*Asks:* 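There's a structure below that I have some questions on.
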Amino acid sequence: MGLTGLDIFKQLPKTNCGDCGVPTCLAFAMKLAQKQASLDQCPHVTEDAKAALEGASAPPIKLVTIGDGERKLEIGNETVLFRHEETFHHPAGIAVLVEGSLGEEELAARVAAVGEASFERVGQTLQLDAVALQGEGDAFVKAAQVAAEKSAVPLILMNEDPTVMGKALEACGGKKPLICAATTENVEAMAALAKAHACPLVVKGSDLSSLAEVSEKAQAAGATDLVLDSGAREPSQVLANETAIRRAALRKRFRPFGFPTITFAQADDAQDELQQAASYLAKYAGIVVLRQMEPWELLALVTVRQNIYTDPQKPIQIEEGLYEIGSPNEKSPVLVTTNFSLTYFTVEGDVEASRVPAWAVVVDTEGTSVLTAWAAEKFTAEIIAEKVRAFDVASKVEHRKLILPGHVAVLSGKLEEELGQEWQVIVGPRESSGIPSFLRTSWPS
Amino acid sequence: MPFETPVEKWASAVNTVTIGATSAEGGTRASTVTVGGDTSLPFLQFEGKTPHRPVIAMEVLDVPPEEWPPPMAEAVGDVSDDPAAWARKAVDEFGADLISLRLVGAHPDQQDRSAEGCAQTVTSVLSAVNVPLIIWGCGQADKDNEIMPRCSEVAAGENCLLGTAAQDNYKTITAACMADGHKLLAEAPLDINIQKQVNILVSEMGLDLSRIIMYQATGGLGYGMEYAYSIMERTRLAALAADRMLSMPLLALVGSECWKAKEARSPEEVVPEWGAESERGVAWEATTATCFLHAGTHILVMWHPRAAALVRKTIDSLMSQEA
Ligand code: SF4
C-alpha cells in the first residue's frame with residue numbers, strides 16, 4: 001500500500017538543496033518510497049505535506065494496543081483478505097466475559113483463571129488475552145478495580161454509561177483497558193474519556209452505516225485507537241459485516257473502518273459457542289469474546305487461531321532432537337525425519353498407530369518436508385549422521401539400525417559411510433502412512 | 001451517508017453436481033444430494049447465492065478401527081462391525097445426508113478382502129439405506145484397481161461418488177465411473193497444480209468435468225488444517241474467476257483426520273488440563289468442519305454424530321436469511 005516515489009516527490013519542496021544527504025528531492029523521494037530514508041531527514045518539508053504523506057502511508061488497518069505490560073494485546077495492521085496472499089499478522093485476541101456482579105473472591109478467581117489458561121502446542125505457548133468485564137453502576141466500578149488488580153491480562157470494560165466508565169477508568173489506574181463501547185448516544189463523552197486516559201475505544205453501531213458514523217465522530221472527538229463492533233450477533237450477519245469491514249478498509253481505504261474488530265460468541269452451550277468463535281477467528285475478528293471457558297473449548301480455539309495465523313511462508317517447526325514416541329527402549333527402532341511440524345506429527349501419529357514404540361531423530365531442516373529439505377540440501381547424509389552423533393542415539397539403543405524415509409533412499413549408502421561401519425541404514429516407506437505396516441512386519445520386536 | 005458494502009463481481013460459479021439417483025433416474029435412492037452452484041465466497045449473501053447448502057456425509061468403514069477412542073465407540077455402538085447396520089444408524093439417528101463407505105478392509109495389510117467381498121458390502125449398504133453413497137477404496141493403488149471396478153459395477157445406475165482418482169492412478173476408476181454412471185472423486189495432495197492435472201487427465205479420458213468432485217487431502221485442526229483451508233479458499237477463488245479446471249465442488253475428510261489427533265484421543269486421566277474427553281474429540285471434529293465451511297467445502301465427511309449435529313447447526317446459521 002506504499003506510495004510511489006513520484007507521489008512523494010510532489011509533496012517535497014523541489015529545491016534540490018541536498019540537506020537530506022541526497023542530491024535531489026527526486027532521489028530522496030525514491031529512497032523514501034523504498035523505505036530507505038525517513039521523512040524527517042528533510043528539514044524543509046511543510047507541515048501540510050507531512051500530514052498528507054503520513055496519512056497516505058498509514059496502514060489501512062491501524063495497529064491497536066490494549067493494556068500495558070507483558071501481556072498487552074496488539075491487534076490490527078492486517079493487510080490481506082486471504083491468508084495465502086501474504087499472512088495474517090496479529091493473532092486475534094481471545095477474551096472471556098466476566099460478570100462484575102460476582103462476589104469479590106469469585107471475581108478474582110475467575111479473572112485469575114483467564115490469565116492462567118495456557119496450552120503448549122508445537123513449541124508455542126497459547127494463552128487467552130483479555131477479561132471482558134460487564135456490569136452496572138458502582139458494582140462495576142468496584143469490579144473494575146478488583147479485576148485491574150488481579151488480572152494478568154488486559155481488561156475490556158463493558159458499560160455504556162460515560163459517568164460509570166469514567167469512574168471505572170480511574171479505578172483501573174492507567175492500565176489502558178479497552179473502553180466498550182461508544183454508541184450513537186454517548187460517542188462524544190466516551191471518546192473524550194478515551195482521549196483523556198489514552199485508552200483504546202470500541203465504537204459500536206447498529207449496522208455498518210451507523211458504525212461508520214460513530215467511528216468518524218469518535219475520531220473527530222480525539223479518539224485515535226478504535227476497535228469496531230458492527231452490532232451483529234448472528235453468525236451469518238457477523239460474517240457479512242466482518243467481510244465488509246475488512247474489504248472496505250483494504251480495498252477502498254475507507255477510513256472509518258481502518259481498525260480491528262471485536263465480535264461476541266453468544267451461545268449458551270459451550271460447543272455452540274466454540275463453533276461461532278471459530279467462525280469469527282477464521283473471518284476477520286480482531287477480538288472474540290467468549291462467555292464460557294471450558295478447557296477443551298479453549299484448546300480448540302487457540303489451535304484454530306494458531307493455524308489461521310501461521311505464516312504460509314514460514315511453516316511451524318518443532319525443535320530438533322531425539323524424540324520418544326510411546327515409551328521406546330534400547331531395542332526400539334530409530335526413525336529419521338525433519339522438523340517440519342506436519343511431517344513430524346504425521347510420523348508421530350503413524351508410529352503411534354503401529355503400536356511399536358520408537359525413537360525419532362528430528363533434523364532441523366528449517367521446517368521443510370523430507371523431499372523439499374533433501375532438494376535444498378538441508379537433509380543430507382552428512383547432516384543426518386552429525387545429528388545421530390549429536391543426539392547420542394548410540395547410547396539409547398543396543399542395535400545400530402537407522403530407518404530412513406523412503407523418499408531419500410538415495411542417501412542410504414552415503415549415510416552408512418558417514419555413520420561408520422557398525423551402522424546399518426534401512427530404507428523405510430516413502431509415505432508416512434506406510435509406517436504401521438512397515439514397523440509391524442519389518443521390525444523384530 | 002449509508003455505507004455500501006464492496007461487492008466483488010465474479011466471472012463464474014462453482015459447478016453443480018448431483019450424487020445419487022432415484023428410481024425415475026435409474027437408481028433406487030429415495031432422494032439425491034446436490035452440491036455446488038455457489039456464486040460467491042462461502043455464505044456471503046450480499047454477494048451471491050449458495051443454492052445448495054453444504055452436506056454432511058457420515059463415514060462407515062467395512063472393518064472398524066482396532067482402537068477407537070471411547071466417545072466414538074460409544075456413539076457408533078454395536079453396529080461397528082456391520083456396515084449396513086452402521087449406515088442405517090448413520091441415516092436414521094445421525095441424520096446423514098449421504099453415506100461415505102470406505103473399504104479399508106481390502107488393504108493387504110488389513111484383511112485383504114476380495115473384490116467380491118467388497119462388492120457385497122457395497123450392495124448391502126445400498127439396500128440398507130436410501131441416501132446416496134460415496135465409495136472409497138482402501139488407498140493402496142493396485143488393490144483399489146482390483147476392487148473398485150467390481151464395486152462400481154454392482155452400484156451401476158446409483159450415481160455414486162467413487163474415489164479416488166490420483167495423478168499416478170486414475171485410469172481404472174475413471175473408466176469404471178464412466179461405464180456405470182457414477183461421479184468421480186479426484187484427489188490431489190494439497191497441491192492446486194496437481195489437482196488441475198488430475199482433472200485434465202480424467203477429462204482427457206472422456207469424463208465430463210461436471211462429474212467431478214475434488215478432494216485435496218485434509219489436515220485436521222492443529223495438524224495442517226491451515227494448508228487444507230488455504231488450498232480450498234484458493235480453489236474457490238479460482239472457480240469464481242472461471243478456471244474451468246478448478247470449478248468442481250470440494251470434499252473434506254474431517255472425522256478420520258480429527259480423531260487421529262491426540263487432542264481428540266487422549267483420555268482425561270492423562271491430560272486433565274484439556275478437559276472432558278466426551279466433549280474434546282467432538283469439539284475438535286466440529287471445529288475443523290466449521291473452519292472448512294468458511295474455506296468453501298461442500299461435502300464434509302464426518303464421524304461423530306454430535307459433531308455432525310453441531311456443524312449442521314452452524315450451516316443453518318450461516319445459511320440463515322434473517323441477516
Ligand atoms: S532536504 Fe528536502 S528539499 Fe532538500 S533536497 Fe532533500 S528533499 Fe529536497
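All heavy atoms count here, side chains included; hydrogens, waters and symmetry mates do not. In what follows, chains carry the letters A, B, and so on, assigned in the order in which the sequence lines appear, proteins first and then strands, with residues in each chain numbered from 1. Note that the coordinates shown come from a computational prediction; the quantities given were computed from them, not determined experimentally.
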*Asks:* Given the options Ser279(A), Pro235(A), Ala270(A), Ser118(A), which has more heavy-atom pairs under 4.5 Å with chain B than any of the others?
*Replies:* Ser279(A)
*Asks:* Would you say the side-chain atoms of Ser236(A) pair up with the backbone N or O of Met319(B), donor to acceptor, closer than 3.5 Å?
*Replies:* no
*Asks:* Between Ser317(B) and chain A, which part of the residue has a heavy atom less than 4.5 Å away: side chain, backbone, both or neither?
*Replies:*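 Both parts, heavy atoms under 4.5 Å.
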*Asks:* Applying side-chain contact (heavy atoms from CB on, under 4.5 Å) to Glu352(A) and Arg265(B), what does each step give before you reach the verdict?
*Replies:* CA-CA 12 Å; Glu352(A) 277 168 1; Arg265(B) 295 185 78 97; over 6 Å; no
*Asks:* For residues Leu342(A) and Tyr227(B), determine if any side-chain heavy atom of one lies less than 4.5 Å from a side-chain heavy atom of the other.
*Replies:* yes
*Asks:* Tell me, with the steps shown, if Leu299(A) and Trp284(B) meet side-chain contact (heavy atoms from CB on, under 4.5 Å).
*Replies:* CA-CA 9 Å; Leu299(A) 177 65; Trp284(B) 210 253; 3.9 Å; yes
*Asks:* Is Arg440(A) reaching over with its side chain to a backbone N or O of Asp109(B), donor-acceptor style, under 3.5 angstrom?
*Replies:*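 No: the side chain of Arg440(A) does not pair with the backbone of Asp109(B).
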*Asks:* Taking Ala248(A), Ala353(A), Ala278(A) one by one, which has the highest count of heavy-atom pairs under 4.5 Å against chain B?
*Replies:* Ala248(A)
*Asks:* Any chance you could lay out the side-chain contact (heavy atoms from CB on, under 4.5 Å) test for Arg247(A) and Glu8(B), step after step, and finish with the verdict?
*Replies:* CA-CA 10 Å; Arg247(A) 273 190 193 170; Glu8(B) 300 276 354; 3.6 Å; yes
*Asks:* Would you mind telling me which of Arg83(A), Glu85(A), His84(A) makes a side chain to side chain donor-acceptor pair (under 3.5 Å) with Ser230(B)?
*Replies:*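 Passing option: Arg83(A).
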*Asks:* Where on Val271(B) is there a heavy atom nearer than 4.5 Å to chain A: the side chain, the backbone, both, or neither?
*Replies:*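 No part of it gets close to chain A.
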*Asks:* Relative to chain B, which segment of Ser437(A) carries a heavy atom at a distance below 4.5 Å: side chain, backbone, both, or neither?
*Replies:* both
*Asks:* Report which part of Tyr229(B) has an atom under 4.5 Å of a heavy atom belonging to chain A: side chain, backbone, both, or neither.
*Replies:* side chain
*Asks:* Can you confirm whether Lys252(A) sits close enough to Pro6(B) that some side-chain heavy atom of one is under 4.5 Å from a side-chain heavy atom of the other?
*Replies:* yes
*Asks:* Mind checking the CG-CG spacing from Leu221(B) to Asn307(A)? Nearest 0.5 Å is all I need.
*Replies:*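 Result: 5.5 Å between the selected atoms.
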*Asks:* Is chain A contacted by the side chain of Lys260(B), its backbone, both, or neither, given a heavy-atom distance below 4.5 Å?
*Replies:*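 For Lys260(B), no heavy atom lies under 4.5 Å from chain A.
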*Asks:* Do the side chains of Lys262(B) and Phe345(A) get nearer than 4.5 Å, heavy atoms only?
*Replies:* yes
*Asks:* Non-hydrogen atoms of chain A under 4.5 Å away: do they reach the side chain of Glu277(B), the backbone, both or neither?
*Replies:*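 Neither part, no heavy atoms under 4.5 Å.
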*Asks:* Output yes when a side-chain donor or acceptor of Gln275(A) lies under 3.5 Å from a complementary backbone atom of Thr290(B), and no otherwise.
*Replies:* no
*Asks:* Is Glu4(B) atom CD crowded by more than 12 heavy atoms from other residues, nucleotides or ligands, each under 6.0 Å away?
*Replies:* no
*Asks:* Side chain from CB out, backbone as N, CA, C, O: work out which of these in Gln110(B) comes under 4.5 Å of a heavy atom of chain A, or both, or neither.
*Replies:*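 It is neither, since no heavy atom gets under 4.5 Å.
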*Asks:* Mind checking side chain to side chain contact (heavy atoms under 4.5 Å, CB included) for Ala188(B) and listing every partner two or more places apart, or none if nothing turns up?
*Replies:*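 Testing Ala188(B) for side chain to side chain contact (heavy atoms under 4.5 Å, CB included), a comparison that skips the adjacent residues, returns Ile194(B), Gln195(B).
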*Asks:* Which atoms of Glu279(B) are under 4.5 Å from chain A, going by heavy atoms: the side chain, the backbone, both sets, or neither?
*Replies:* both
*Asks:* Go through the steps for Lys313(B) and Asp272(A) under the test side-chain contact (heavy atoms from CB on, under 4.5 Å), then give the verdict.
*Replies:* CA-CA 8 Å; Lys313(B) 219 165 163 182; Asp272(A) 290 326; 2.7 Å; yes
